[in-house]
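For the numbers below, each heavy atom of this structure counts, side chains included, while hydrogens, waters and symmetry mates do not.
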Amino acid sequence: KYFGKGENYWRGPIWININYLVLRSLRLYYMSPNGGPYQERATHLYTRLRGALIENIYNVYKREGDYFENYSSEDGSGKGQHPFAGWTSLVVLIMAELY
């Protein structure tokens with residue numbers, strides 16, 4: 001009921017720092033040898049999310065020539081401040097799988 005309504009700065013966009021924390025959690029706690037009953041699902045989610053983030057940031061950079069503060073949840077386009085190498089630079093750690 002709140003998504004896409006009013007002020008959407010924090011509720012709508014894709015934030016790389018939050019996605020980094022999600023990937024870290026999936027990798028460290030659910031994909032471990034003792035990952036439990038959700039290990040297969042966590043691995044699938046991790047792989048899809050990691051790939052989508054890397055691909056989208058690369059494609060936006062290739063098209064726009066900049067990194068952005070956040071990205072559209074609808075079409076992946078860059079939003080917010082740019083050039084922005086702050087938490088968007090976490091994509092390098094995501095690529096190297098350093099959590």
Side-chain angles (χ1 to χ4, degrees):
K1 83 181 187 182
Y2 295 109
F3 186 76
K5 309 262 192 287
E7 189 277 316
N8 247 358
Y9 184 71
W10 292 110
R11 285 186 282 214
I14 296 166
W15 296 86
I16 304 308
N17 54 334
I18 301 304
N19 281 275
Y20 175 85
L21 294 174
V22 169
L23 288 170
R24 181 180 190 273
S25 178
L26 287 169
R27 176 88 175 185
L28 295 178
Y29 300 112
Y30 295 101
M31 292 171 60
S32 68
N34 300 322
Y38 301 108
Q39 186 172 13
E40 187 177 322
R41 186 172 185 187
T43 300
H44 176 73
L45 290 171
Y46 172 86
T47 303
R48 285 192 60 206
L49 178 58
R50 181 176 173 271
L53 287 170
I54 293 168
E55 182 178 2
N56 187 68
I57 292 171
Y58 173 74
N59 287 339
V60 170
Y61 181 78
K62 202 163 91 173
R63 185 175 57 247
E64 304 287 336
D66 261 334
Y67 295 106
F68 288 79
E69 182 178 18
N70 54 62
Y71 296 83
S72 168
S73 60
E74 294 178 16
D75 63 9
S77 62
K79 301 288 180 196
Q81 186 65 34
H82 65 90
F84 191 85
W87 45 65
T88 301
S89 63
L90 286 169
V91 73
V92 175
L93 296 179
I94 292 169
M95 290 167 62
E97 296 187 288
L98 295 174
Y99 303 104

- Kindly write out the residues that satisfy salt bridge (charged side-chain N to carboxylate O under 4.0 Å, His left out) with Arg27, not counting sequence neighbours, or none if the list is empty. Glu97
- Message: Is it the case that atom CD in Glu64 sees more than 12 heavy atoms from other parts of the structure closer than 6.0 Å?
- Response: yes
- Query: How would you list, by chain and number, every residue that makes a side-chain contact (heavy atoms from CB on, under 4.5 Å) with Ser89, sequence neighbours excluded?
  - Reply: none
Give the table of side-chain donor-acceptor pairs shorter than 3.5 Å for residues 52-59, with sequence neighbours excluded, one pair per line with atom names and distance.
residue, atom, partner, partner atom, Å
Asn56, ND2, Gly76, O, 3.0
Asn59, ND2, Glu55, O, 3.3

- Query: Out of curiosity, Asn19 CG to Leu49 CG, how far, rounded to the nearest 0.5 Å?
  - Reply: 5.0 Å
- Item | Qualifying salt bridge (Lys or Arg N to Asp or Glu O under 4.0 Å) pairs, either residue in residues 14-23, two or more places apart | none
- Item | Spatial distance of atom CZ (Phe68) from atom CD (Gln81) [nearest 0.5 Å] | 10.0 Å
- Query: Rounded to the nearest 0.5 Å, what separation is found between the CG atom of Leu98 and the CZ atom of Arg24?
  - Reply: 11.5 Å
- Message: Let me confirm one number: the OH-CD1 distance from Tyr71 to Ile16, rounded to the nearest 0.5 Å.
- Response: 6.0 Å
- Note on the structure: Hits for side chain to side chain donor-acceptor pair (under 3.5 Å) against His82, two or more places apart or cross-chain, chain-then-number order -> Asp66
- Task: Go through the structure and list residues passing ring pair (Phe, Tyr, Trp, His ring centres under 6.0 Å) with Tyr67, not counting sequence neighbours.
- Result: Tyr61
- Message: A quick test of your reading: do over 12 heavy atoms of other residues, nucleotides or ligands sit less than 6.0 Å from CZ of Arg63?
- Response: yes
- Note on the structure: Per side-chain contact (heavy atoms from CB on, under 4.5 Å), Tyr99 is matched among Leu21, Leu23, Leu26 by Leu23
- Main-chain N/O of Thr43 paired to Thr47 side chain as donor or acceptor, under 3.5 Å: yes
- Message: Working to the nearest 0.5 angstrom, can you tell me the gap between Trp87 CH2 and Asn17 CG?
- Response: 5.0 Å
- Message: Could you report the tightest heavy-atom contact between Gly78 and Val60, atom names first, then the distance?
- Response: N-CG1, 4.0 Å
